[in-house]
Amino acid sequence: MMPGRTLHRLATHICSAKTLERVVEPAIADLQKEYAGADRVWRRAWVLLTGYIAIVKVIAICAVTISPVSDHERRELVRALVWSGAMFLVIGILLTALPMYTHSHGLRRLRAMSILAQAVPLAIPLGIAFGLAFGLSARVTTNLAKIALVGALTASTLSLCVLVWVMPAAHQSFTESALRQARSRGYDGPARTSFQKGHSQMSVAELRAAVAHFSADGEPRIARRYAFGLHQRFSLAAASVAFASMLLVLRADARAVRGGFALVACVIYWVLMFTGEWGSRRGYLALPLGAWLPNIVLIACAILVACSRSSRSSRLRGSLRAAR
Amino acid sequence: MDLPRLSSTEHLILALLSGEEMFGLQLVEQSKGGLKRGTVYVTLGRMQDKGYVESRTEERRAGAIGLPRRLYKPTAYGLRVLKAWEAAARTFARSPKVRHA
């Protein structure tokens, strides 16, 4: 068997047809020629090692290189960006406005800030999912997919900043103000020093300290709850990338069908998030696995769909070539 | 005016190709460490986009297995750029250093 076939298949998913023909295939051809010419076992092993390293390097360069954007791609990107922004706003407003009205007037603004800080990390991935579904047409080029993934990665970074720094501070500030207002109305509860923070109010360092404290105190269930909260902050931030990869491979001509795909992906993510939490709190799943379960499942499904689609199209190309 | 640019790697490739048509791996071998096999095809692809080199796949012999290799040769434009670059390099090597007061 000639070496390099698997790498060739991998490259067909990552690189454009032009790059595949000009850059990857010549590198694989060199490896195959050298391998066929090698007469000793150690020489063949050396050829395979150096050849594979070179080809992986070539594929990695292709994967991170984004070609200049064509007019069609620019139009698609602008449309996806507008749709994502609009969906982010609608979802963000819905998630913020509805719970805000359950609070008294004095705290409404602070409560809104606190809820907004929690709504943004949810609205970002949902906005990305529906934005890509509605904004991009059925035919997504490799270059366009790379740019969309870079955009999703940027959105994930923004999400992470909110989850790690903004959300705990906003939540804490709201709780302190609520407590102050309650005291001014005659509430005689526990003193400020004994006030227990919830995991959404804690910074990453405080969450780590709480996990260590409860583990040492012989409270494994509470420690697991805090540890799960810690992992979930990072996994929730990565949701944009998981949604983007899923929706970039699930393409359909009708916009409504693509919207349906986005909705199904969101529901699956939500179900898996709760399954992961339930499993890890009861010890059936490792904590990082439980927290990352929805991202892992969505990205794995996206890879499987992309692979099966690519093998189908390469079979089609092969039969077309044979027919010619 | 958009002047053509030539990096040191591109210059090396053009200099090696000015003699004969070569495969990528031959270029790596003849450069004596100047070119790496992981990046030579990326550079050759970029040079093809710029119009410095052109390529064709090798002719397949009966019973040949595996993918066909690609042969590269410089274009007339590439050779002109190489000559201009070498002339500029010679000129700057000869010119005296400018001293600032």
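When reading the values below, keep in mind they use all heavy atoms of this one structure, side chains included, and skip hydrogens, waters and symmetry mates. Here is the naming used below: chain letters follow the sequence lines, and residue numbers restart at 1 for every chain.
- The choice from B:G38, B:G45, B:G66, B:S55 that makes the most heavy-atom pairs within less than 4.5 Å of chain A is B:G38.
- The pair A:E34-B:R69 does not count as a salt bridge, with every side-chain nitrogen at least 4.0 angstrom from each carboxylate oxygen.
- Salt-bridge formation is not detected for the pair B:R70/A:E25: no Lys NZ or Arg NE/NH1/NH2 atom is positioned less than 4.0 Å from an Asp or Glu carboxylate oxygen.
- Ion pairing between a basic and an acidic side chain is recognised when a charged N comes within 4.0 Å of a carboxylate O; A:K18 and B:D49 show such pairing.
- Taken to the nearest 0.5 Å, the OH atom of B:Y41 stands 14.0 Å off from the NZ atom of A:K57.
- Heavy-atom distances place the side chain of B:E58, and not its backbone, under 4.5 Å from chain A.
- Atoms CZ and OG1, from B:R37 and A:T50 in turn, are 4.5 Å apart once rounded to the nearest 0.5 Å.
- Within a 6.0 Å sphere centred on NZ of B:K73, heavy atoms belonging to other residues, nucleotides or ligands number 12 at most.
- Just one residue in the list B:L44, B:V42, B:T43 forms a side-chain contact (heavy atoms from CB on, under 4.5 Å) with A:V23, and that residue is B:V42.
- Between A:A29 and B:P68, the closest heavy-atom pair is CB-O, 3.5 Å.
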Side chain to side chain contact (heavy atoms under 4.5 Å, CB included) for B:L67 and A:K33? Distances and angles first, verdict last. CA-CA 9 Å; B:L67 293 165; A:K33 208 72 169 179; over 6 Å; no
